[in-house]
Amino acid sequence: PSAKDMARIKDADIFVYNGIVEGWAENALKSAPNDKRIAVEASKGIDLMEGLPEEEEGEEAHQDEHEHEHEHAHDPHVWLDPKLAQKEVEAIRDAFEQADPANREVYRSNADAYIAKLQELDADFRTGLQDVKRKSFVTQHAAFGYLAKEYGLTQVPIAGLSPEQEPAPDQMAEIVKFAKEQQVKTIFFETLVAPKVAQTVANEIGAKTDVLNPIEGLTDEDQKNGLDYIGIMKNNLEALKKALNE
């Protein structure tokens, strides 16, 4: 966080963070003390999945002190499961009520309205994915484990393959072997900023590429298009339905 961010964190009534592997957030809270501030870890109390090794933060992750090891053992992407996102909304609502009891009813009705939208999104995913032809999807970014588990799918992550890097020949061979066995026709990338790599993989196996968005932030373009969590998740659902019905 910048100095300006730190000043805002110090003055905040409420500080919301997803939790898990967000050591920076805990450090920021310690560095900018405020006894009245309520910090809410939105994923607290959610049953977490084990993380995949390629999601760890490189070698420095292993050199951390032992007490931080648990930060790297779990998959943080709970928000990509619309059911778990509802639990996060409840945790955030509770913090708002605690910080501002006079307006409890406002926060409650806002949360209820948003949870209703998330329930609808969950129903769309359940219906849209229950009769798909194939149950596994190949993705570069191993962010979709919770979503896959919720809707009876399997995420197959390509270890170490990032949009900026050419895959090593042995990785390429492994991807090609799996894709041919499973007759994979779409490889999901987090973004198509480097279409050369996506194209390399796709050409090698006669597949195409598409985007699954892990919503780790909104781009300027997303904001211009009025996209929010629900809009992007609906795009993710359409992309999955298309790929899983090929």
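In this chain, residues are counted from 1 in sequence order.
- Counting heavy-atom neighbours within 6.0 Å of R108 CZ, excluding the residue itself, gives a total above 12.
- Here the straight-line distance linking atom OH of Y151 with atom CG of D81 works out to 5.0 Å at 0.5 Å rounding.
- In this structure, K10 contributes its side chain and N34 its backbone to no donor-acceptor pair below 3.5 Å.
- Taking CG from N235 and CD1 from I230, the interatomic distance works out to 12.5 Å, rounded to the nearest 0.5 Å.
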Set out, in order, the CA-CA distance, both residues' side-chain angles and the distance that settles side chain to side chain contact (heavy atoms under 4.5 Å, CB included) for T209 and F188, then state yes or no. CA-CA 6 Å; T209 58; F188 284 115; over 6 Å; no
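- At least one donor-acceptor pair under 3.5 Å links the side chain of S2 to the backbone N or O of D5.
- Within the 4.5 Å cutoff, the side chain of L147 has heavy atoms near those of the M233 side chain.
- Heavy atoms of other residues, nucleotides or ligands lying less than 6.0 angstrom from CG of D170 number more than 12.
- A donor-acceptor contact shorter than 3.5 Å is absent between the side chain of D75 and the backbone of E50.
- Side-chain atoms of I232 and L218, non-hydrogen and from C-beta on, do get closer than 4.5 Å to each other.
- Between S136 and L244, the shortest heavy-atom contact is O-CD2, 3.4 Å.
- Salt bridge status for K242 with E238: absent, with no side-chain N to carboxylate O gap under 4.0 Å.
- For residues 219-246, the set of pairs meeting the ring-ring contact (aromatic ring centres under 6.0 Å, His included) definition, not counting sequence neighbours, is empty.
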Audit row: K177, E181, salt bridge (charged side-chain N to carboxylate O under 4.0 Å, His left out) steps and yes/no: CA-CA 6 Å; K177 184 171 178 281; E181 280 169 7; 3.2 Å; yes
Let me see the working for E150 and R126 under side chain to side chain contact (heavy atoms under 4.5 Å, CB included), right down to the final yes or no. CA-CA 9 Å; E150 188 69 64; R126 212 162 289 286; 3.1 Å; yes
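- Partners of K234 by side-chain hydrogen bond (donor to acceptor under 3.5 Å, both in side chains), not counting sequence neighbours: none found.
- Tracing side-chain contacts under 4.5 Å through hydrophobic residues (I, L, V, M, F, W, Y), one reaches W79 starting from L240; they form part of the same cluster.
- Here the side chains of I38 and D13 are not in contact, with every heavy-atom distance at 4.5 Å or above.
- By the side-chain hydrogen bond (donor to acceptor under 3.5 Å, both in side chains) test, T219 is found to be paired with D222, residues two or more places apart in sequence or in another chain being considered.
- Taken from OG in S43 to NZ in K87, the straight-line distance is 11.5 Å, to the nearest 0.5 Å.
- By the 6.0 Å contact criterion, CD on E90 is enclosed, its count of non-hydrogen atoms from other residues, nucleotides or ligands being greater than 12.
- Between F137 and the options I187, L212, D210, V132, a side-chain contact (heavy atoms from CB on, under 4.5 Å) holds for only L212.
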Would you please test L80 and I215 for side chain to side chain contact (heavy atoms under 4.5 Å, CB included) and show each step? CA-CA 8 Å; L80 293 171; I215 326 184; 4.0 Å; yes
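- Here Y17 pairs with F15 under the ring-ring contact (aromatic ring centres under 6.0 Å, His included) rule; sequence neighbours left out.
- Residue pairs satisfying the salt bridge (Lys or Arg N to Asp or Glu O under 4.0 Å) criterion with at least one member in residues 31-42, sequence neighbours excluded, are listed as follows: E41-K44.
- Taking each heavy atom of A42 and A91 in turn, the nearest pair found is O-CB, 3.8 Å.
- Within 6.0 Å of NZ on K149 lie no more than 12 heavy atoms contributed by other residues, nucleotides or ligands.
- Residues N245 and K133 share a closest heavy-atom pair of O-NZ, 3.1 Å.
- Rounding to the nearest 0.5 Å places CG of N27 at 9.0 Å from CE of M6.
- Under the 4.5 Å side-chain heavy-atom criterion for ILVMFWY residues, no single connected hydrophobic cluster contains both V78 and V40.
- Without hydrogens or angle criteria, R104 side chain to D94 main chain gives no donor-acceptor distance under 3.5 Å.
- Closest non-hydrogen pair, K135 versus Q130, comes out as NZ-O, 3.4 Å.
- Within a 6.0 Å radius of CD in E221, no more than 12 heavy atoms belonging to other residues, nucleotides or ligands are found.
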Begin with the C-alpha distance, continue with both residues' side-chain angles, and end with the deciding distance and a verdict on side chain to side chain contact (heavy atoms under 4.5 Å, CB included) for V89 and L118. CA-CA 10 Å; V89 170; L118 292 173; 3.8 Å; yes
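- Atom-to-atom distance recorded for E97:CD and R93:CZ is 5.5 Å, nearest 0.5 angstrom.
- Rounding to the nearest 0.5 Å gives a distance of 11.5 Å between CE of M49 and NE2 of H77.
- E174 CD: 12 or fewer foreign heavy atoms inside a 6.0 Å radius.
- Counting heavy atoms from C-beta outward, E88 and N18 have side chains that approach closer than 4.5 Å.
- Across every non-hydrogen atom of P76 and Y146, the tightest pair is C-CE1, 4.5 Å.
- At least one side-chain heavy atom of L129 sits under 4.5 Å from a side-chain heavy atom of K241.
- A search for side-chain contact (heavy atoms from CB on, under 4.5 Å) contacts involving N103 returns D100, V106, Y107, not counting sequence neighbours.
- For the residue pair I205 and A179, the shortest heavy atom distance occurs at CD1-CB, 3.5 Å.
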